[in-house]
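Following: one structure in structure tokens, then a few remarks.
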Amino acid sequence: MTGKKILVVEDHKDSCLWISAVLRQSGFNAVEAGDGTMAVQLAHSEEPDLILLDMHLPCGGGDFVLDSLQKKPAGKKIPVIIMSGDTDLDDEALREMGAVAVFHKPVDVHAFLRTIKEWAGKEAPELTPA
């Protein structure tokens, strides 16, 4: 597959599998990480076009991942979209830390995909409601 590569960082296996399946159906390559340390390692080795990042993770949370990415020039160039069930997150603070967008779970799938396509550099087609 020649689609853009997206790193999905999600510790809930079912959610990770679902997000990856939706991405693959939309023409993307999905790489998965279940914790913060693995996310940072894969961000550097896989060089994804975009990272989808849950904030509450084992082995280093989303803050750790964002901070680690900002410490390396290549990491700073990767757009990060936050997806979290935590409604107490400060969206503006996350943007200041490097996030390009923040989605609160449950996400609106159509808006989520549209944003992913915009930030991954792929034109977003018209989406029809499910």
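Computed from heavy atoms alone, side chains included, the values below leave out hydrogens, waters and symmetry copies.
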* To do: Dump the intermediate steps for side chain to side chain contact (heavy atoms under 4.5 Å, CB included) on L69 and I51, then the final yes or no.
  => CA-CA 11 Å; L69 291 172; I51 298 173; 3.7 Å; yes
* Which atom names give the shortest non-hydrogen contact between K117 and S26, and what distance separates them? -> CE-CB, 4.0 Å
* **L50 reachable from L53 in the ILVMFWY side-chain graph, under 4.5 Å edges** => no
* Pairwise side-chain contact, K5 with V31, heavy-atom cut-off 4.5 Å (strictly under) -> yes
* Asked: Within the side chain of N29, is there an N or O that forms a donor-acceptor pair under 3.5 Å with the backbone of G3?
  -> yes
* Given the rule that I, L, V, M, F, W and Y join up when any side-chain heavy atoms are under 4.5 Å apart, are F112 and V102 in one cluster? -> no
* Indicate if L17 and L23 have the same hydrophobic cluster label, given that clusters are the connected sets of ILVMFWY residues with side-chain heavy-atom separations under 4.5 angstrom. => no
* What is the minimum heavy-atom distance between A39 and L7, and which atoms define it? -> O-CD2, 3.5 Å
* Structure fact -> Output for pair (K71 NZ, L66 CG), nearest 0.5 Å, gives 12.0 Å
* Asked: Going by heavy atoms in the side chains, are M83 and E10 under 4.5 Å from each other?
  -> yes
* Would you mind reporting whether L94 and L89 have side-chain heavy atoms less than 4.5 Å apart? => yes
* Taking a hydrophobic cluster as the set of Ile, Leu, Val, Met, Phe, Trp and Tyr residues connected by side-chain heavy atoms closer than 4.5 Å, whether directly or through intermediates, do V9 and V107 fall within one such cluster? -> no
* Counting only heavy atoms not in K105, do more than 12 fall under 6.0 Å of its NZ? -> yes
* Structure fact -> One should read off an interatomic distance between L52 CG and S15 OG, to the nearest 0.5 angstrom, of 12.5 Å
* Output all residues satisfying side-chain hydrogen bond (donor to acceptor under 3.5 Å, both in side chains) with D108, sequence neighbours left out; order by chain, then residue number. => none
* So, do D63 and M55 sit near enough that their side-chain heavy atoms are less than 4.5 Å apart? -> yes
* Structure fact -> Exactly one candidate in I81, V80, I82 meets side-chain contact (heavy atoms from CB on, under 4.5 Å) with V100; the answer is I81
* To do: Search all heavy atoms of S68 against all heavy atoms of V40 and return the closest pair with its distance.
  => CB-CG2, 3.7 Å
* Return yes when atom NE2 of H12 has more than 12 non-hydrogen atoms of other residues, nucleotides or ligands closer than 6.0 Å, and no otherwise. => no
* **Side chains of I6 and I19 in contact at under 4.5 Å (non-hydrogen atoms)** => no
* To do: Heavy atoms only: give me the nearest A101-T115 pair and the separation to one decimal.
  => CB-CG2, 3.9 Å
* Asked: Under a 4.5 Å cut-off applied to non-hydrogen side-chain atoms, are F28 and I116 in contact?
  -> yes
* Asked: Where is the tightest heavy-atom contact between P48 and A43, given as atom of each residue plus distance?
  -> CD-O, 3.4 Å
* To do: Nearest 0.5 Å please: distance from the CE atom of M97 over to the CD atom of Q70.
  => 8.5 Å
* Asked: With a 4.5 Å limit on heavy-atom distance, are the side chains of H44 and K72 in contact?
  -> yes
* Heavy-atom pair with the smallest gap, counting every atom of L57 and G34 -> CD2-O, 4.4 Å
* Can you tell me how far CZ of F103 sits from OG of S84, rounded to the nearest 0.5 angstrom? -> 13.0 Å
* Going hydrophobic residue to hydrophobic residue with side-chain gaps under 4.5 angstrom, can you get from M38 over to V65? -> yes
* Just wondering, do D54 and D11 contact through their side chains at under 4.5 Å, heavy atoms? -> yes
